[in-house]
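Lettering of chains follows the sequences in order, A, B, ..., and the numbering in each one begins at 1. Side chains are part of it too, since the values below use all heavy atoms of this structure and drop only hydrogens, waters and symmetry mates. Computed from a predicted model, the values in this text were never measured in an experiment.
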Protein chains: 2
Amino acid sequence: MSGVPAAIVRPRERIIAAARELFHRHGIRGVGVDTIADAAGTNKMTLYRHFESKDELILAYVRTVAAEGETMWQEIARDHPGDSQAQLDDWLMRAAECVSADGRGCDLANVAVELTEDNHPARKLIEQLKIHHRDRLAALCRAAGVVQSEALADTLTLLLEGARVCRVTAGRKGPSAEFIHTARTVIESFEKKPKAKRKDTTHKGIEQRRTIA
Amino acid sequence: MSGVPAAIVRPRERIIAAARELFHRHGIRGVGVDTIADAAGTNKMTLYRHFESKDELILAYVRTVAAEGETMWQEIARDHPGDSQAQLDDWLMRAAECVSADGRGCDLANVAVELTEDNHPARKLIEQLKIHHRDRLAALCRAAGVVQSEALADTLTLLLEGARVCRVTAGRKGPSAEFIHTARTVIESFEKKPKAKRKDTTHKGIEQRRTIA
DNA sequence: CCTAAATGTTACCGATCGGTAACATGGCCT
DNA sequence: AGGCCATGTTACCGATCGGTAACATTTAGG
C-alpha cells in the first residue's frame, strides 16, 4: 500500500527536471523538445500532453527556477531567525555560490536574453521575479539597520547580476572573482542605524551588530 | 576620379551592418543568414562568398562591436586630454547611456550567453575584450588618483554589466534606473590620493580634482 | 477482471535552418 | 572590344525545428 511503487516519478516531473537541466546548459533556443523528452525518458507526444507548447514548458522552467529562489529565502530566514545581519551575510555567501557555481550565469537572465520578443509571458514573469528579489533584499537591508536600504539593495543587485554575467563573459578570473570582497566593501561603506537616536559620526565605530533585531 | 561612384558600399559592409542590427535586436540564434542577406540587399550566396560560415559572421559581428568600444575610449581620451577625472566622469555618462539605450543589454554578453559551446572562438574573443575593458578602466581609475584602482574597476565593471542585464530582466524601472547615482556613490566611497604625501582624513574635503593629471 | 485513463510508438506535417551547385548578369580594367 | 571578377538568381540539399494524428501498450481503480 504505502510502499515504493506509488512514488514513481510521473512523466511531467521528469520532463520539467530534464528541461531544467538542458535549458540551463544549452539555453532555451539551444535544445529542442525532442531532446528534452528523450532526456526525460519519455517521448514528444507525452510532453505535448502535459505542455501545450514549448513556450509553456519554458514558463514552467522559469517557475521552477523561481521556486528554488523562494526556497533559498526561506532557508536564510530559517537558519538565522531574528538575526538580520546574519541573514544578509548568508545571502551574500549564497550569492557568491551562484556566481562561481558553473559559469552559466543566471537562468532567468539567460531566458530574458534569449526571448527577444518583448511581450513573451515568460519575460513579464521574470521581470516580476527580479523586482520581487530586489524588494526582498531591500527589506533585509532595512531590517539589518542600513539607513539607505533601498540604495544598498539596488547596488547589491547590480553587483550580483553583474558578477554572474561577468562570470560568463570574462571567465573565472574576471571581475566576478572578487565578488565577495567587492560586495563586502560596498556594504561596509553604507551607514547603519546606531542604537542611540542621534547619528553617530564616529569614524571608526561603525561595527555594532543586531541594530534592529 | 575622386567622385562618388567608387564609394558605393560593398556587399560585405552591408552584410556586416545588417548582421550588426539584426543580431542586436533578435539575438544570434534568432536570425538566419537568409534574413541577414535580405536585409543587406543581397543574397545568401554572396554572403557565403565573404564569410565561410555563420560562425565567422558572428565573429565579424563581435569585432564590429569591439571596434565601437575602442572608438568610445578614443573619444573619451580626445575630449578630455590630460584630465583623468573628467575622463572617468565621461566614461560613467557613456556607460549610463549604454544601460538605458534600448534595453537589449550588452551585445557581447548576449552573444556569450547564446553561445553555450565553451570553445567557440567568439567566446574566447569576448573574454579577451571584457578583460581588456576592465583593465582600461582600472588604468583610468589609477590615473584619476584612486588608491584601490583595481578594486574600483572591478566594482564599476560589475555595476555596469549588472545594470545592463537588469535593464533586460527587470525593465526600465528596475535597479538599473539608479545606475548613475549608484556608481557615483561607490566612486566617492573610494579613497583618492591627496596631493600632499600624508593621508588627509578630513571628513568633508574629499573633493579635490586633477589629482594626478 | 474489466474498463478507462495515461503513456509509448511510429509516422508524418510544413517550415526553417546552415550551406552549396550551376548558371546568368553586371561592371570595371586593359 | 574583350575578358575577368564580383555579384545576382534559382534551385536544391540534409537536418532539425515545433507540433500532430493514429494506433498500440501499459497502468491503475472499481
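- A search for salt bridge (charged side-chain N to carboxylate O under 4.0 Å, His left out) contacts involving B:Lys54 returns nothing, not counting sequence neighbours.
- For A:Asp55, the side-chain contact (heavy atoms from CB on, under 4.5 Å) partners at least two apart in sequence or on another chain are A:Ser53, A:Ile58, A:His120.
- A salt bridge is absent between B:Arg164 and B:Asp107: the closest approach of a Lys/Arg side-chain nitrogen to an acidic carboxylate oxygen does not fall below 4.0 angstrom.
- With sequence neighbours left out, B:Glu117 forms a salt bridge (charged side-chain N to carboxylate O under 4.0 Å, His left out) with no residue at all.
- Partners of A:Arg25 according to the side-chain contact (heavy atoms from CB on, under 4.5 Å) rule, which considers only residues two or more places apart in sequence or in another chain, are A:Glu21.
- Residues that satisfy the ring pair (Phe, Tyr, Trp, His ring centres under 6.0 Å) test with B:Tyr61, not counting sequence neighbours, are B:Phe23.
- Note on the helix from C:dC1-D:dG30 to C:dT30-D:dA1: angle between the axes of the first and last five pairs equals 10°, rounded to 10 degrees.
- Interface residues of residues 112-124 of chain B facing DNA chain D, ordered by number: none; criterion, heavy-atom separation under 4.0 Å.
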Show me the side-chain donor-acceptor pairs of residues 174-183 of chain A shorter than 3.5 Å, one per line, residues at least two apart or across chains.
{"from": "A:Thr182", "atom 1": "OG1", "to": "A:Glu178", "atom 2": "O", "distance (Å)": "2.8"}

Sub-3.5 Å pairs of nitrogen or oxygen atoms, protein against nucleotides 18-24 of chain C:
{"from": "C:dG18", "atom 1": "OP1", "to": "B:Lys54", "atom 2": "NZ", "distance (Å)": "2.5"}
{"from": "C:dG18", "atom 1": "OP2", "to": "B:Val33", "atom 2": "N", "distance (Å)": "3.0"}
{"from": "C:dG19", "atom 1": "OP2", "to": "B:Tyr48", "atom 2": "OH", "distance (Å)": "2.7"}
{"from": "C:dG19", "atom 1": "OP2", "to": "B:Lys54", "atom 2": "N", "distance (Å)": "2.7"}
{"from": "C:dG19", "atom 1": "O5'", "to": "B:Tyr48", "atom 2": "OH", "distance (Å)": "3.4"}
{"from": "C:dG19", "atom 1": "N7", "to": "B:Lys44", "atom 2": "NZ", "distance (Å)": "3.0"}
{"from": "C:dG19", "atom 1": "O6", "to": "B:Lys44", "atom 2": "NZ", "distance (Å)": "2.1"}

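- B:Arg12 comes within 4.0 angstrom of nothing in the nucleic acid, heavy atoms only.
- A salt bridge is defined here as a Lys NZ or Arg NE, NH1 or NH2 lying under 4.0 Å from an Asp or Glu carboxylate O, and B:Arg172 with A:Glu127 fails to meet this definition.
- Side-chain nitrogen and oxygen atoms of B:Thr42 include at least one within less than 4.0 Å of the OP1 or OP2 phosphate oxygen of D:dG8.
- Whole-Å rounding puts the B:Asn43 CG to C:dG26 P distance at 15 Å.
- Rounding to whole angstrom units, CD of residue B:Glu13 and P of D:dT7 are separated by 10 Å.
- The distance between atom CZ of B:Arg10 and atom P of C:dG27, rounded to the nearest whole Å, is 12 Å.
- Residues that satisfy the side-chain contact (heavy atoms from CB on, under 4.5 Å) test with B:Ser100, not counting sequence neighbours, are absent from this structure.
- Partners of B:Ser189 by side-chain contact (heavy atoms from CB on, under 4.5 Å), not counting sequence neighbours, listed by chain and number: A:Ser189.
- In this model, the phosphate group of D:dA6 is not approached by any side-chain N or O of B:His50 to a distance below 4.0 Å at OP1 or OP2.
- Between the CG atom of A:Leu47 and the P atom of C:dA6 there is a distance of 16 Å, rounded to whole Å.
- Remark: A:Phe51 pairs with no residue by the ring pair (Phe, Tyr, Trp, His ring centres under 6.0 Å) rule, at least two apart or across chains.
- Between the CG atom of B:Asp38 and the C1' atom of D:dG8 there is a distance of 13 Å, rounded to whole Å.
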